[in-house]
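Working notes for the structure below.
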Amino acid sequence: MAANRVTAHITNEFNQPLGAEVADWAGAEFPPKAVMSGWGCRLEPLDPESHGTSLWQAFGADDGAMWTYLTSGPFADEAAMLAWLRGVAAKADPQFYAIVDEASGKALGLASYLRIDPAAGSIEVGWLHFSPAMQRTRLSTAAMALMMANAFALGYRRYEWKCNDLNWPSRQAALRLGFSYEGTFRQARVDKGRNRDTAWFSVIDGEWPALQGCFERWLADDNFDGAGRQRLRLSDLTAACHPEGE
């Protein structure tokens with residue numbers, strides 16, 4: 001955990017400490033539904049009719065483990081999943097995207113922005129559904145880098161990641177991507193009839209420039225050998241951005 005740090009605060013006439021002034025704050029922009037692309041990844045606003053079959057096929061390669069900590073699924077058949085996709089695609093928040101592999105043109109996963117609060121400058125990434133073909137790949141990291149970059153470009157000050165506290169792979173993924181662990185909300189929800197404690201992580205705007213450099217270095221073509229194996233680990237790069245963190 002981070003070491004305790006003493007921070008000097010400005011005080012008011014009552015000798016009460018005040019937060020730092022955010023000059024000319026006018027809020028962030030609500031994310032427009034637009035394609036984001038880079039590093040062989042395309043994030044396309046979810047279109048159930050064009051993405052549904054590809055997603056059903058990609059998710060069908062899973063043995064069921066990917067659904068354990070998700071509030072949706074598994075689905076009995078493609079029609080059931082398509083009905084769910086149509087429901088979530090119609091919403092403004094969460095705002096869903098299909099993660100498309102540019103090489104194959106296939107949609108292999110889902111991600112969304114949610115709890116979108118332009119006035120506060122806060123936005124969350126979530127509803128992550130990564131098929132087996134996406135898990136632990138360059139494509140999944142590219143998708144997360146693109147979404148984070150877009151959020152900060154739209155003026156957000158805080159970018160959140162939340163997950164079931166028992167979902168160790170998700171917790172590790174957040175740390176690998178440069179998020180800082182902020183704590184766990186006990187008995188935050190009941191999902192699928194079971195208690196869920198929720199772990200909270202965040203990246204703030206002042207941390208983004210350094211993290212952006214980490215993503216660009218890791219995703220660069222020369223970081224991968226002929227077999228597609230990484231030369232540098234992203235976790236080693238992002239750890240340097242939070243030397244006092246978890």
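Quick caveat, the model's predicted, so the values are computed rather than measured.
Taking the six-membered ring for Trp, F59 and W67 have ring centres closer than 6.0 Å. Side-chain rings of F185 and W200 approach one another, their centers coming within less than 6.0 Å.
With hydrogens and angles disregarded, no donor-acceptor distance shorter than 3.5 Å links the side chain of D101 to the backbone of G105. Using modelled atom types, no side-chain atom of S112 and backbone atom of F96 make a donor-acceptor pair closer than 3.5 Å. A donor-acceptor pair is defined here as one N or O able to donate and one able to accept, closer than 3.5 Å; such a pair exists between the side chain of N223 and the backbone of L232. Without hydrogens or angle criteria, S170 side chain to N167 main chain gives no donor-acceptor distance under 3.5 Å. The main-chain N or O of E29 is found under 3.5 Å from a side-chain atom of Y156 such that the two form a donor-acceptor pair. One N or O on the side chain of N12 and one on the backbone of Q16 form a donor-acceptor pair closer than 3.5 Å. Under the 3.5 Å distance criterion, the side-chain polar atoms of D221 are left unmatched by any main-chain donor or acceptor of F224.
The number of heavy atoms from other shown groups lying within 6.0 Å of CG (L18) is above 12.
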Task: E44 vs M36, side-chain contact (heavy atoms from CB on, under 4.5 Å): CA-CA, chis, key distance, verdict - done: CA-CA 7 Å; E44 300 177 356; M36 295 171 264; over 6 Å; no
Open item on the list: Run the salt bridge (Lys or Arg N to Asp or Glu O under 4.0 Å) test on D165 and R171 for me, step by step, so that the C-alpha distance in whole Å, both residues' side-chain angles and the decisive distance to 0.1 Å come before the verdict.
Closed with: CA-CA 8 Å; D165 189 59; R171 291 173 61 102; 2.4 Å; yes
TODO: With side-chain contact (heavy atoms from CB on, under 4.5 Å) as the test, would you mind laying out the steps for H51 and L85 before giving the verdict?
DONE: CA-CA 9 Å; H51 297 133; L85 291 176; 6.0 Å; no
Task: Derivation of the side-chain contact (heavy atoms from CB on, under 4.5 Å) call for T71 and R189 - done: CA-CA 11 Å; T71 56; R189 287 173 24 187; 3.0 Å; yes
TODO: Take R196 and D191 through the test salt bridge (Lys or Arg N to Asp or Glu O under 4.0 Å) and record every step on the way to the result.
DONE: CA-CA 6 Å; R196 168 171 150 160; D191 287 347; 3.7 Å; yes
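In this structure, T137 and L108 have side chains that are not in contact, with every pair of non-hydrogen atoms separated by 4.5 Å or more. With contacts defined as side-chain heavy-atom distances shorter than 4.5 Å, the pair V88/L46 qualifies. Put simply, the side chain of I123 does not reach to within 4.5 Å of the side chain of R157, judged on heavy atoms. The shortest side-chain heavy-atom distance between L110 and L128 does not fall under the 4.5 Å cut-off. I99 places a side-chain heavy atom less than 4.5 Å from the side chain of F130. Between L211 and W208 the shortest side-chain heavy-atom distance falls below 4.5 Å.
Of the inter-residue distances, the one linking L70 atom CG with C163 atom SG reads 11.0 Å to the nearest 0.5 angstrom. Expressed to the nearest 0.5 Å, how far CD of Q57 lies from OG of S54 amounts to 6.0 Å. Between the CD atom of Q95 and the CD1 atom of I116 there is a distance of 5.0 Å, given to the nearest 0.5 Å. A distance of 4.5 Å separates CG in L43 from SG in C41, rounded to the nearest 0.5 Å. The distance from the CD atom of E124 to the CH2 atom of W161 is 10.0 Å, given to the nearest 0.5 Å. Rounding to the nearest 0.5 Å gives a distance of 15.0 Å between CD1 of I204 and OH of Y159.
A cation-pi arrangement is not found for R138 relative to W218, the charged atom failing to lie both closer than 6.0 Å to the ring centre and inside a 45° cone about the ring normal.
With sequence neighbours left out, D77 forms a side chain to side chain donor-acceptor pair (under 3.5 Å) with no residue at all.
Ion pairing of K33 with D47 is absent here, as no side-chain N (NZ or NE/NH1/NH2) approaches a carboxylate O to less than 4.0 Å. With salt bridges taken as basic N to acidic carboxylate O contacts below 4.0 Å, one links R158 and E182.
Considering every non-hydrogen atom in both A188 and T198, the closest pair reads CB-OG1, 3.5 Å.
With hydrogens and angles left out, the side-chain atoms of E102 and S37 include no donor and acceptor closer than 3.5 Å. For T141 and R176, the side-chain atoms include at least one donor-acceptor pair closer than 3.5 Å. Side-chain contact of R186 with T184: a donor-acceptor pair under 3.5 Å is absent, judged by distance alone. Using modelled atom types, one finds a donor on one side chain and an acceptor on the other under 3.5 Å when comparing N150 with Y113.
Under the 30°/60° scheme for interplanar angles, the aromatic rings of W84 and W127 are found to be tilted.
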